[in-house]
There are 2 protein chains.
Amino acid sequence: MSSRSQTIADILTRAIIDHRLVPGCKLGERELSEIFDVSRIVVRQALIRLADDGLAQIERNRGAFVAKPSMQEAMEIYDALTLVEQGVAAQLSDRLGPAGWAELRQHVERQRQAVASGNDALADVLGQEFHSVFVRLSRNKVMQEIHAQLVRRTTLLRSLITADFDYCNLLDDHSRVVDLLEKGRLKQAMDLIDTHHRAVVRGYIMDREVYAEMTPAEALAPYLDGKTDSATAPIAPRKPKTSGNGDGTAHVHVHLPKQDPAPKSRASTKKTNRGLPA
Amino acid sequence: MSSRSQTIADILTRAIIDHRLVPGCKLGERELSEIFDVSRIVVRQALIRLADDGLAQIERNRGAFVAKPSMQEAMEIYDALTLVEQGVAAQLSDRLGPAGWAELRQHVERQRQAVASGNDALADVLGQEFHSVFVRLSRNKVMQEIHAQLVRRTTLLRSLITADFDYCNLLDDHSRVVDLLEKGRLKQAMDLIDTHHRAVVRGYIMDREVYAEMTPAEALAPYLDGKTDSATAPIAPRKPKTSGNGDGTAHVHVHLPKQDPAPKSRASTKKTNRGLPA
DNA sequence: AACCGTTGATTGATATCCAATCTTGTGGTT
DNA sequence: AACCACAAGATTGGATATCAATCAACGGTT
């Protein structure tokens, strides 16, 4: 078993990926130490890990916050992601064996079935996982970790943007990339990867001001089922401060289903995919 | 300015890059806390940062050690480095302006002059810096950080290998890469980058058993400026206040001053090139 | 020499305390 | 009412002391 700070860092990472902790959210040491029932120092170590991963930023004497990347940084992250996946594509086109191609095709097929059966949430997850499977086939753990870190950071962006374009035409990209690569048309495959990611970034309009829909205690509750006191939660939930405006903003406080690791928007909009390349 | 744990992590990183702390070296909490005159907790936080960076590994209940990558991991690191630099090359061939090409040429020229004047140490540093300059011109800070981290990890490898081949034919690679890229011969440039790195890895024979030539206290002494005060200089250049250096070893370890992949380059000391792509 | 238990050292973690800094709220002034 | 100064409170960064668990080395026994 790894250290407790690592465990807590993992939980916080999970919560951020699930959009239960949104960019800008304050991660107070005392608050988290009470939530996780550990000392402040363990929390601090966890926050250092998160900051090293680019998911949090620590301001001296002010504390830690969930990272809030700028538009510039968002583009850089996607550029890096494109660069990595193009490079992996080039490697795979040379070195991947039949079993590898089969695995890619199988994954695409599973996603296709999910879409066909209307299971948008599953399709969403599979769509995200495709990129990880892709990189995993390079059999380079160092590269995998770099890629995974970049992907985690893209999840931050999805809280900050208003994705207002159609993702349907992206759904086939994975299949087409596999086709092109297996046929040796590397250049076209790489261009498609670039287009794939650029289409996502183009849809980004980072004008959204995010605010916490729930306190960290509420956000983290689903992950604490293990041992800590899930029954007694005497931590009074306070309303997120509205910073001056009389809370006149007409936002809907939707509490995501607790144990569901797949963030999905409600049926109000048809657009289930909130931004990651499907 | 920044936290003390960050300052200490920086110093430890510097010492590892300078090969004053070699792979496998134990990084005891109490020992380091006495060396830096801080509490164990601050040391622990610094070690967490190092581990996240891949420069140290922490084993539960056994402590932290300078990371000792396997041959497999070494190849993965160089593969990743190749992938990143090839990708950056592709970007630069499209987007780099005249000023960028000029900077690259200027850097190559400086290295050429250093070689011509017999200043091997300076040539060494410039040769290593070329790769960082190259990536910096992509103007992607995220990519820069990924690249810098990979480069740091390659320095670990140079302690573990016996480089027994000729590096002379690599000295011109940088110049040739710039030439090829500026002429739009991207494919050839990328192949050269691959060859460049492969030549290095091929020379690796990781059979060396490294042993610490000095204790951490001796290894870190040059970085301990008057006090652990971070306000003055995050990384203090050499200051041989090292007291009793009577460590029996005939090795002369001198610190290479360097701060950021930014401007300047003040080289100083002599250190044999043990394998980084020149 | 091989085996096994004890002892010491080190790590992981907590609680408590303190200084520095940031935030907030209050009150006086214009 | 708006505005500034200042004190009070809260939070962070860090130090110290302490404790249990684990690991490693040592020494005794067979």
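Chain letters run A, B, ... following the sequence lines, proteins first and then strands; every chain starts at 1. Note that the structure is predicted; figures quoted are calculated from it, not measured. All values below come from the heavy atoms of this structure, side chains included, with hydrogens, waters and symmetry mates left out.
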| field | Residue closer to the 5' end of DNA chain C, R40(A) versus S3(A) (nearest nucleotide) | value |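 By nearest-heavy-atom nucleotide position, the 5'-most residue is S3(A).
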| said: Using every non-hydrogen atom in the two residues, find where H131(A) and H147(A) come nearest and quote the distance to one decimal. | reply: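 Reported closest heavy-atom pair: O-CE1, 3.5 Å.
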| field | Considering all heavy atoms, the nearest R62(A)-F65(A) contact | value |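 Here R62(A) and F65(A) meet closest at NH2-CZ, 3.5 Å.
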Take atom [atom1] of [X] and atom [atom2] of [N], then tell me their distance rounded to the nearest Å.
| X | N | atom1 | atom2 | answer |
| --- | --- | --- | --- | --- |
| D37(B) | dA15(D) | CG | C1' | 11 Å |
| R30(A) | dT14(C) | CZ | C1' | 14 Å |
| N61(B) | dC19(D) | CG | P | 19 Å |
| E59(A) | dT12(D) | CD | P | 12 Å |
| R4(A) | dT11(C) | CZ | C1' | 14 Å |
| R44(B) | dG14(D) | CZ | P | 15 Å |
| L27(A) | dT12(D) | CG | P | 10 Å |
| Q45(A) | dT12(D) | CD | P | 15 Å |

| field | Shortest side-chain distance from R62(B), nucleotide among dT14(C), dG12(C), dA24(D) | value |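 Nearest to the side chain of R62(B) among the choices is dA24(D).
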| task | Taking only the side-chain heavy atoms of V42(B) (C-beta and beyond), determine which of dT12(D), dG14(D), dA13(C) contains the nearest atom. | result |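 In terms of side-chain proximity for V42(B), the closest of dT12(D), dG14(D), dA13(C) is dG14(D).
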| task | Could you check G63(A) against I41(A) and say which one's nearest nucleotide on DNA chain D is further toward the 5' end? | result |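 It is G63(A) whose nearest nucleotide is closer to the 5' end.
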Output side-chain donor-acceptor pairs under 3.5 Å for residues 43-55 of chain A, partner residues at least two apart or in another chain, one line each.
from	atom 1	to	atom 2	distance (Å)
R44(A)	NH1	E29(A)	OE1	3.3
R49(A)	NE	Q6(A)	OE1	2.9
R49(A)	NH1	S5(A)	OG	2.4
D53(A)	OD2	R152(A)	NE	3.0
D53(A)	OD2	R152(A)	NH2	2.9

| query | Crowded around R30(B) CZ? As in, over 12 foreign heavy atoms under 6.0 Å? | reply |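 No, the 6.0 Å shell around CZ holds no more than 12 heavy atoms from other groups.
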| field | Contact under 4.0 Å: K26(A) side-chain N or O vs dT23(C) OP1/OP2 | value |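 Checking K26(A) against dT23(C): no side-chain N or O falls below 4.0 Å of OP1 or OP2.
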| Result of checking T13(A), I35(A), L32(A), V42(A) against I8(A) for side-chain contact (heavy atoms from CB on, under 4.5 Å) |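 Of the listed options, the one satisfying the test is V42(A).
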| With a non-hydrogen cut-off below 4.0 angstrom, is S39(B) in contact with a base, only sugar-phosphate, or nothing? |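 The residue S39(B) makes base contact.
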